[in-house]
Protein chains: 2
Amino acid sequence: MSSIRAQQKEKTRRLLIDAAFAQLSAERSFSNLSLREVTKAAGLSPNAFYRHFSDMNELGLILIDEAGLMLKKLRSQARLRIKKGGSVVKISVLTFMEFIEQYAHIFRLLLQERSGVFRAALSREIDSFTKALCGYLQQANKLNAEVAYLQANATIIIVFSAAAEALDVDQKRRHDLTKRTILQLQMIDKGSLEMNSSR
Amino acid sequence: MSSIRAQQKEKTRRLLIDAAFAQLSAERSFSNLSLREVTKAAGLSPNAFYRHFSDMNELGLILIDEAGLMLKKLRSQARLRIKKGGSVVKISVLTFMEFIEQYAHIFRLLLQERSGVFRAALSREIDSFTKALCGYLQQANKLNAEVAYLQANATIIIVFSAAAEALDVDQKRRHDLTKRTILQLQMIDKGSLEMNSSR
DNA sequence: AAACTCAGAGTACAGTTGTACACCTTGATT
DNA sequence: AATCAAGGTGTACAACTGTACTCTGAGTTT
């Protein structure tokens, strides 16, 4: 059962979370947001904040969770598209770039503030993406574990780096960036195959 | 001529710059430093700050300049070592890693705070490194311009990414990271050669 | 219907911030 | 030797911060 009260509470909780995300921009990362600004943007009194989070740190952790969830969705969506056939690299990069446009605030959170918990969170996400890709590469390309890991990690780093660059850039530039990234991943793929066969 | 006054002024100016750098840590990036904290760390009164910089923004720009200068030194030192022979990739990565240990604060400034001017500064540095490497690759490996650019850019991104990761990590982990990075660059190099020959 | 719970607002306060002003001290200039 | 210039300090203040306290209105439980 979900009482009217619980619904209301969830609603203003979302208001706060969304307000926090919305405040992120090219110039503004999470750590220079104040509790008061967030509540103001959400149209609430500063004290209302405490009914939902104990402090900004806790809100930060929740935003990180939310970001993690979205990235999971991103991955499953890419997997789905790949199953329908086509270049794995192209599909992955395109899916990633679409997500960046759609959920810019999530990437801002993870890519713009690289200290404390946010840095750790990004590191975890990169690890997670790396492991998934690593497994795939071992299976699909018959790579040995070490080479697969090297390729997977380099690939993910290039992609996240492109993501950071794509955040505040016009469409043309973003398109070029996408093309470049695809070529770079293909380059790494070639190198990986060769390195694998010479072992 | 350098009067006693000018010397003194330069001395406390350095005091402020060094204090600012010193405050940077894994948890603390430039944008959450306050003017008062910096002057306090330098052992000065808050107002003394204004005799040297108009505000924290200006100090930030000066730190960025300083960082740029150090990276120039890093590059020329790498070039010097490379002339003495040996694997270009290994020498470059090792030189980079040594610099990170020695001038951690510079990398913190550029790699930890990725919004506003700092983001732009990092982007400039990556561009600059990319161009230099790109030129070298065209000449040394007879690559065509586009392939050289792709390789150079991917290489620099991997290296800077490793730098960010190396910042707060124990020696063993850093050693592993160095090894991994070298292998990844070699992988990219193989891929680049192949991509180049198939055009 | 009465009693209770609790999300939110209003007021209040102490700590920190950037910065303006008046001052002092000391090196530089005349 | 007298005057000036300028780097540094102390005081002061308004703006903003997080957060404690009290109160209220409306949903919930009895």
Side-chain angles (χ1 to χ4, degrees), chain A residues 1-25 27-64 66 109 113 115-118, chain B residues 1-25 27-64 66 109 113 115-118:
Chain A
M1 97 166 190
S2 153
S3 63
I4 294 180
R5 253 215 190 137
Q7 280 182 318
Q8 259 305 329
K9 179 158 186 182
E10 178 56 28
K11 212 167 137 193
T12 74
R13 185 186 136 100
R14 265 255 73 84
L15 226 55
L16 284 167
I17 292 174
D18 292 343
F21 270 130
Q23 301 279 327
L24 301 177
S25 73
E27 333 289 325
R28 212 104 203 291
S29 55
F30 184 82
S31 73
N32 16 359
L33 286 188
S34 74
L35 182 153
R36 284 180 110 106
E37 280 178 303
V38 172
T39 54
K40 192 171 182 180
L44 299 171
S45 82
N47 282 310
F49 187 93
Y50 296 107
R51 301 286 179 193
H52 303 271
F53 318 104
S54 70
D55 57 18
M56 284 293 286
N57 266 348
E58 192 177 312
L59 176 56
L61 291 178
I62 283 161
L63 296 190
I64 286 173
E66 198 123 328
L109 185 79
E113 173 89 56
S115 35
V117 288
F118 299 96
Chain B
M1 99 169 188
S2 153
S3 62
I4 293 182
R5 262 230 179 120
Q7 278 182 322
Q8 259 305 329
K9 180 159 186 182
E10 178 54 29
K11 212 167 138 191
T12 76
R13 185 186 138 99
R14 266 254 71 88
L15 225 56
L16 283 167
I17 291 174
D18 291 344
F21 270 130
Q23 300 279 326
L24 301 177
S25 74
E27 334 287 327
R28 214 105 205 291
S29 54
F30 185 81
S31 73
N32 14 10
L33 286 188
S34 73
L35 182 154
R36 284 179 109 105
E37 279 177 304
V38 173
T39 53
K40 192 172 181 178
L44 299 171
S45 83
N47 281 313
F49 187 93
Y50 295 107
R51 304 285 179 194
H52 303 271
F53 318 103
S54 69
D55 56 19
M56 283 294 284
N57 266 347
E58 190 175 316
L59 175 57
L61 291 177
I62 282 159
L63 296 190
I64 286 173
E66 198 123 327
L109 184 79
E113 174 89 57
S115 35
V117 289
F118 299 97

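Just so we're on the same page: letters track the sequence lines, and every chain starts at 1.
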Is there a side-chain contact between [X] and [Y] in this structure, where contact means two heavy atoms from C-beta onward sitting under 4.5 Å apart?
{"X": "L59(B)", "Y": "L16(B)", "value": "no"}
{"X": "H52(A)", "Y": "K9(A)", "value": "yes"}
{"X": "F53(A)", "Y": "I17(A)", "value": "yes"}

Contacting residues from [range], given that a heavy atom lies under 4.0 angstrom of DNA chain D:
{"range": "residues 7-23 of chain B", "value": "K9(B), T12(B)"}
{"range": "residues 30-43 of chain A", "value": "S34(A), L35(A), R36(A), E37(A)"}
{"range": "residues 53-62 of chain B", "value": "none"}

What donor-acceptor contacts under 3.5 angstrom involve side-chain atoms of residues 37-44 of chain A, with partners at least two apart or in another chain?
| unit_1 | atom_1 | unit_2 | atom_2 | d |
| --- | --- | --- | --- | --- |
| E37(A) | OE1 | R28(A) | NH2 | 3.1 |
| E37(A) | OE1 | S34(A) | N | 3.0 |
| E37(A) | OE1 | S34(A) | OG | 3.3 |
| E37(A) | OE2 | R28(A) | NH1 | 3.4 |
| E37(A) | OE2 | R28(A) | NH2 | 3.0 |
| T39(A) | OG1 | L35(A) | O | 3.3 |
| T39(A) | OG1 | R36(A) | O | 2.9 |

If you restrict it to nitrogen or oxygen atoms, what contacts under 3.5 Å exist between nucleotides 21-26 of chain C and the protein, and what is each distance?
| unit_1 | atom_1 | unit_2 | atom_2 | d |
| --- | --- | --- | --- | --- |
| dT26(C) | O2 | R5(B) | NH2 | 2.9 |

Point to revise | Pairs where residues 12-23 of chain B contributes a residue and the test salt bridge (Lys or Arg N to Asp or Glu O under 4.0 Å) is met, not counting sequence neighbours | key: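 Residue pairs with at least one partner in residues 12-23 of chain B: E10(B)-R13(B), R14(B)-D18(B), R14(B)-E66(B).
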Check your understanding: Has S3(A) got a side-chain N or O lying under 4.0 Å from the OP1 or OP2 atom of dT28(D)?
Key ->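 Result: yes.
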Roughly how far, to the nearest 0.5 Å, is the [atom2] atom of [Y] from the [atom1] atom of [X]?
{"X": "L63(B)", "Y": "F21(B)", "atom1": "CG", "atom2": "CZ", "result": "4.5 Å"}
{"X": "M56(B)", "Y": "F30(B)", "atom1": "CE", "atom2": "CZ", "result": "4.0 Å"}
{"X": "N32(B)", "Y": "E113(A)", "atom1": "CG", "atom2": "CD", "result": "6.5 Å"}
{"X": "S29(A)", "Y": "F118(A)", "atom1": "OG", "atom2": "CZ", "result": "8.5 Å"}

Review point. Between dT19(D) atom C1' and H52(A) atom NE2, what is the distance in whole Å?
Key: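 H52(A) atom NE2 is separated from dT19(D) atom C1' by 16 Å.
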Exercise for review: Could you tell me whether F49(A) contacts a base, only the sugar-phosphate backbone, or nothing, with contacts defined as non-hydrogen atoms closer than 4.0 Å?
Suggested key: nothing
Exercise for review: Report which part of the nucleic acid A48(B) touches: base, sugar-phosphate, or nothing (heavy-atom distance under 4.0 Å, all strands).
Suggested key: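 Base contact - A48(B) has a heavy atom under 4.0 Å of at least one base atom.
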